[in-house]
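Computed from a predicted structure; not experimentally measured.
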Amino acid sequence: NKKGKEKVTERVTTEPVMAWRWPDPEPQTEAVWKAGVLSERVKRPWNIGRKVESIVKDCIKDQAVDPWERWHAIEESERAPVESAFGPMPPVGIGDVADRERVVAYAARDADSTLRLWRLEEPALYHDRLTRVYYLDLATLPLAVEMMDNGILLDREYLRGLAEEFGEKAQGEMESAWAAAGGYQFSPASPVETARVLYEKLRLPPVRPGQLDTEATTLAQLQQKTPHKIVPHIIAFRHYAKLKGTYAEKFPQHVDARGRVHTTIKTTRVFTGRWSSAEPVNLTTIPIRDEEGLKVRRAFIAEPGWVLLA
């Protein structure tokens, strides 16, 4: 890595994954505005087997490449067929390396480097009068570890019902969008199809000339600039579809045997100092500004006899 430290990584048996005949992903289309004409450009994503092969080659070239991080950088939907067949790739620590001497040497260098950095940075804490903040932050680390170990209980039955509710509402918004388009059926989730309806069929002027964006901010600006009854339905459809796919359906997939979901808490990644949340689920991005988002939050419950305080 950048500091020159040797990074011990997992040796993954990948031959079965690469040998398997995985189905090719669906081609992706995107809207292209060229010479005043709306057209489509087809992109063909890599087969997942090819992506695995790329990770393996990079790991062979450079031991600093972490196969676990590279694998989880791939979209979950793309990893799903492989993980369904072979199981998820487990996180690996230095204790999983067979060469014990190598592990000890790595751990010693890691501790030594940390101590040397501390001796360099400690005077700055006193100079900038930050010692109180530093020790307050340090005292929260055991709490973060305990929270990750405990996880939080999920009401899976409630989330199943919520997924059905969001699915029905998304379907209703899509049908309303079709009616607003004069009966023309399209997928509001598709940027290409949405752009074709808005800018070609309905002749709405783009927010920025030549750019046929259909992102949420652009749609909001479009509705403000050129109001049309179809736009709110597209926005609402995408909102319900995200609530269903990102939260109501995804969270139950990551519960443990006790019905709890565990996240990775990161205490140093945000400039403001607040904690952030990551794999396997991000618990800090749940919407709170509308009733639908609050419904998702109600899926987090306490054990009988306990209460959640916020």
>> Using only atom types and a distance under 3.5 Å, with no angle test, would you say the side chain of Thr263 pairs donor to acceptor with the backbone of Ser277?
In response: no
> Any luck finding a side-chain donor-acceptor pair between Asn150 and His262 under 3.5 Å?
Replying inline: no
>> Could you tell me if the side chain of Val255 sits less than 4.5 Å from the side chain of Arg260, heavy atoms only?
In response: no
>> Quick test of your reading of the model: are Arg298 and Glu291 salt-bridged, counting only N-O distances below 4.0 Å?
In response: yes
> Between Glu193 and Arg196, is the closest basic N to carboxylate O distance under 4.0 Å?
Replying inline: no
> So how far is it from Leu204 CG to His228 NE2, rounded to the nearest 0.5 Å?
Replying inline: 5.5 Å
> Any side-chain heavy atom of Ile152 within less than 4.5 Å of one from Ile301?
Replying inline: no
> Which heavy-atom pair separates Pro252 from Leu154 by the least distance, and what is that distance?
Replying inline: N-CD1, 4.2 Å
>> Let's go through Ile265 and Met147 carefully: what are the C-alpha distance in whole Å and the side-chain angles of both, what is the deciding distance for side-chain contact (heavy atoms from CB on, under 4.5 Å) to 0.1 Å, and is it a yes or a no?
In response: CA-CA 8 Å; Ile265 297 175; Met147 291 172 64; 3.9 Å; yes
> Looking only at heavy atoms, what is the nearest atom pair of Leu202 and Ala180, with distance?
Replying inline: CD2-O, 4.4 Å
>> Can you confirm whether Trp46 sits close enough to Ser54 that some side-chain heavy atom of one is under 4.5 Å from a side-chain heavy atom of the other?
In response: yes
> Any side-chain heavy-atom pair from Gln185 and Met174 closer than 4.5 angstrom?
Replying inline: no
> Where is the tightest heavy-atom contact between Ala248 and Phe166, given as atom of each residue plus distance?
Replying inline: CB-CD1, 4.3 Å
> Counting only N and O atoms by type, is there a donor-acceptor contact under 3.5 Å from the side chain of Asp128 to the main-chain atoms of Leu130?
Replying inline: no
> Can any side-chain N or O of Thr114 pair as donor or acceptor with the backbone N or O of Asp110 at less than 3.5 Å?
Replying inline: yes
> What closest approach, in Å, do Leu212 and Pro206 show between heavy atoms, and which atom pair accounts for it?
Replying inline: CD2-CG, 3.8 Å
>> Less than 4.0 angstrom from a charged side-chain N to a carboxylate O is my criterion; do Glu78 and Lys51 meet it?
In response: yes
>> Could you go through Glu83 and Trp71, starting from their C-alpha distance and side-chain angles, then the distance that decides it, and tell me whether this counts as side-chain contact (heavy atoms from CB on, under 4.5 Å)?
In response: CA-CA 11 Å; Glu83 294 181 344; Trp71 175 246; 3.1 Å; yes
> Salt bridge check: are Glu53 and Arg50 linked by an N-O gap of less than 4.0 Å?
Replying inline: no
>> Using the rule given for side-chain contact (heavy atoms from CB on, under 4.5 Å), can you reason through Asp137 versus Thr267, listing the C-alpha separation, both sets of side-chain angles and the distance that settles it, and then say yes or no?
In response: CA-CA 9 Å; Asp137 279 350; Thr267 62; over 6 Å; no
>> Could you tell me if the side chain of Asp155 sits less than 4.5 Å from the side chain of Leu159, heavy atoms only?
In response: no
>> Before you tell me yes or no, could you show the steps for Leu294 and Arg289 under side-chain contact (heavy atoms from CB on, under 4.5 Å), namely the whole-Å CA-CA distance, both residues' side-chain angles and the distance that decides it to 0.1 Å?
In response: CA-CA 8 Å; Leu294 292 175; Arg289 296 182 179 180; over 6 Å; no
> Would you call Glu165 and Lys295 a salt bridge, taking side-chain N to carboxylate O under 4.0 Å as the test?
Replying inline: yes
>> For Trp306, I'd like to know if atom CH2 has over 12 heavy atoms of other residues, nucleotides or ligands within 6.0 Å.
In response: no
>> To check you understand the geometry: which heavy-atom pair defines the closest contact between Thr264 and Met148, and what is its length?
In response: CA-SD, 3.8 Å
> With side chains defined as the heavy atoms from C-beta onward, is the minimum distance between Arg238 and Leu219 less than 4.5 Å?
Replying inline: yes
>> Hydrophobic cluster membership, with links at side-chain heavy-atom distances under 4.5 Å among I/L/V/M/F/W/Y: are Leu198 and Tyr184 in one?
In response: yes
>> Regarding Glu249 and Gln253, do their side chains bring together a donor and an acceptor under 3.5 Å, going by distance alone?
In response: no
> Can you tell me if CZ on Arg258 sees more than 12 non-hydrogen neighbours from other groups inside 6.0 Å?
Replying inline: yes
>> Run the salt bridge (charged side-chain N to carboxylate O under 4.0 Å, His left out) test on Lys169 and Glu292 for me, step by step, so that the C-alpha distance in whole Å, both residues' side-chain angles and the decisive distance to 0.1 Å come before the verdict.
In response: CA-CA 11 Å; Lys169 289 185 175 181; Glu292 308 301 341; 3.1 Å; yes
>> Could you check whether any side-chain heavy atom of Trp178 comes within less than 4.5 Å of a side-chain heavy atom of Phe186, counting everything from C-beta outward?
In response: yes
> Within a reach of under 6.0 Å around NZ of Lys229, are more than 12 heavy atoms found that belong to other residues, nucleotides or ligands?
Replying inline: no
> Can you check whether Trp275 reaches Thr284 side chain to side chain, under 4.5 Å on heavy atoms?
Replying inline: no
> So, Asn47 side chain and Gly49 main chain: donor-acceptor pair closer than 3.5 Å or not?
Replying inline: yes
> Do the rings of Tyr247 and Phe251 sit parallel, tilted or perpendicular, given the 30° and 60° boundaries?
Replying inline: perpendicular
> Closest approach of Arg156 and Gly259, non-hydrogen atoms and distance?
Replying inline: NH2-CA, 4.0 Å
